[in-house]
Enquirer: 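Right, I'll just put the structure down here and ask away after.
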Amino acid sequence: MALTTNKSVLSWIDEKVDLVKPSQIIWIDGSESQLDALRAEAVETGEMIKLNEELLPGCYLHRTKPNDVARVEDRTLICTPTEEEAGPTNHWMEPGACYKMLYDIARDSYKGRTMYVIPYSMGPVGSKFSKVGIELTDSIYVVLNMAIMTRVGKTVLDVLGDSDDWVRGLHCKCDVDAEKRWICQFPQDNTIISVNSAYGGNVLLGKKCFALRIASYQGWKEGWQAEHMLILCVEKPNGEKKYVCAAFPSACGKTNLAMLIPPEEYKKKGYKVTTVGDDISWIRKGADGRLYAINPENGFFGVAPGTNMKSNPNALISTQKGTIFTNVCHNLDNNTVWWEGLDKNPPTNAIDWKGNPWNGAESTEKGAHPNSRFTAPAKNCPCLSPEFENPEGVPISAIVFGGRRAKLAPLVYQSRDWNNGVFVGSIMASETTAAAAGAVGVVRRDPMAMLPFCGYNMADYWQHWIDIGAGLDPEKAPKIFNVNWFRKDDEGNFLWPGFGDNLRVLNWILDRCDGKVDAKETAIGYVPYADDIDLTGIEDEVSRETLASILTVENDLWKNEVPGIEEFYAKFGDKLPAAIRAELETLKKNLAD
Ligand code: OXD
Ligand code: MN
């Protein structure tokens, strides 16, 4: 039975029912009993495997088709009326043509199947930050993942009432045919359609599709921001809490930074780090003139390989109950899961991510897919911030951008002001690693880590950043920084230990925000004096000289960087904001001086 009388909801669902022709419709009410019945059904059909209840209570394993293991950027479309609205960094299709293509694929695809109607809230239900979505899906796996990643159920529809302000989402698993796989966003219609995939990033429509692509467009129109940023809190020994938002391209340790464990000396002094979010921030101005952020998600969709008790104990502990694992290795000896980098004892009696028998002592193949995932409830996280559910969000002191650069960017630098900070975000780039297909060490531009996630023209997005800053009192605006944990020596060794020691850098950042520490002005912005970063406890690993070397700004290297920036900016033609162009001219001038 329908859980709402909202006409816009009911008529849209009727239309989609006519299109896909399900044999029955089930509304997800958010009750544990309903979710439990779905879990049982998924186990019965083999869609999920129930794991050891004693070791991993409430946990399940799912395998996707081997052709369906990651987001598909070249099949992700932004369907705005004109190509210019989508901009040069997005794949575009005219909405009419795209709807026709998708409807032809989706038509009758639910025949003999159930349509699940998932009402969900991105953000705490009823918060002024939050937005409602409805996802139609024919996959129980999607329902159960959405029930972890978002707030689902009847209460969401009660809050929506008769409003038309909700995001339409249609997911059709179809035949999981990679040739007919499309992930399409229609920003002007508040609509997302995803066909022929069953992999999380493509089908959990609340996440990348809504909370970034559609929401970035909504934020542009409504005066707020949806960003690909974690949110963490540094609690100082005096009890003061400071919140930081940070954006990094993938494979730069975002989840690890969000759940950072302070070094021993910091712990002893009373420092604590808590997590508000590990992937997405929705940011808006509060009544006091400061910027506030929420994490619109309710869980972590994290990469499993490499997660272990040393790299990220908080993430690992988060996965020990109520978690869905996707494409990891199944240890048959104790009915648990394993992945590369979990420990040094791969199971010998196991099933790999493709569903084949696997012996970790002998096999040269991977047991878990490199992009295998855990979907874990945020409430499991031992370091979850008490402000996680705060409907008012948390006040942001600093915004941090970052990337992986072996030589160029210093360990940390501060932008001169807001507009310069927007420029710093716009030139973000990372050197590719062996983890992704393609050449290693190639610079990929990824402004604000939003390249695959910005739902409109990136030039308009940068202008939106500039406009947000213009509406802030500079005293109250977050200060903007760039970090690079990945500087290497000539032999290719990392020069900074990273992980928990990154708190030493965060501490300098927060001291700068409070005006407590001086900095050296360079061509690109302010860098720390080497004496101002605390090395207590790691002096053997990082000498003062090494630290000084990774704080250097080499003007010659930066001069070499400029043509790449200009080439990237040229794609935007006249739409490039004048303020951004002016920042580039200032950089060139500073480098020439
Ligand atoms: C993610 C991503 O899965 O950014 O969070 O790709
Ligand atoms: Mn992400």
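Along the sequence shown, residues carry numbers from 1. When a ligand or atom number is given, it counts from 1 through the structure's own listing order.
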Enquirer: Name of the Asp279 N, O or S atom nearest the Mn ion (ligand 2)?
Expert: OD1
Enquirer: Looking only at distances, can you tell me whether any N or O atom of Lys207, backbone or side chain, sits closer than 3.5 Å to an N or O atom of ligand 1?
Expert: no
Enquirer: Looking at the Mn ion (ligand 2), is one of the N, O or S atoms of Lys254 less than 2.8 Å from it?
Expert: no
Enquirer: Quick check on the 6.0 Å ring-centre criterion: do Trp462 and Phe572 meet it?
Expert: yes
Enquirer: Tell me, please: is Lys208 in heavy-atom contact with ligand 1, that is, under 4.0 Å?
Expert: yes
Enquirer: Please report whether ligand 1 has a polar contact with Asp279, defined as an N or O pair separated by less than 3.5 Å (distance criterion only).
Expert: yes
Enquirer: Is Lys254 paired with Asp278 through a side-chain N to carboxylate O contact shorter than 4.0 Å?
Expert: no
Enquirer: Looking at Asp460, is its backbone amide N or carbonyl O close enough to the side chain of Trp465 to form a donor-acceptor pair, meaning the two atoms are under 3.5 Å apart?
Expert: no
Enquirer: For atom 6 (O) of ligand 1, which protein heavy atom lies nearest, and how many Å away is it?
Expert: Arg71 NH2, 2.8 Å
Enquirer: To check you understand the geometry: which heavy-atom pair defines the closest contact between Phe248 and Gly403, and what is its length?
Expert: CD2-N, 4.3 Å
Enquirer: Please find the pair of heavy atoms, one from Leu342 and one from Asn308, that lie closest to each other, and give the distance.
Expert: O-CB, 3.3 Å
Enquirer: Just to the nearest 10 degrees, tell me the angle at the Mn ion (ligand 2) spanned by Lys208 NZ and His228 NE2.
Expert: 90°
Enquirer: For the residue pair Phe210 and Trp282, categorise the inter-ring angle as parallel (less than 30°), tilted (30 to 60°) or perpendicular (more than 60°).
Expert: tilted
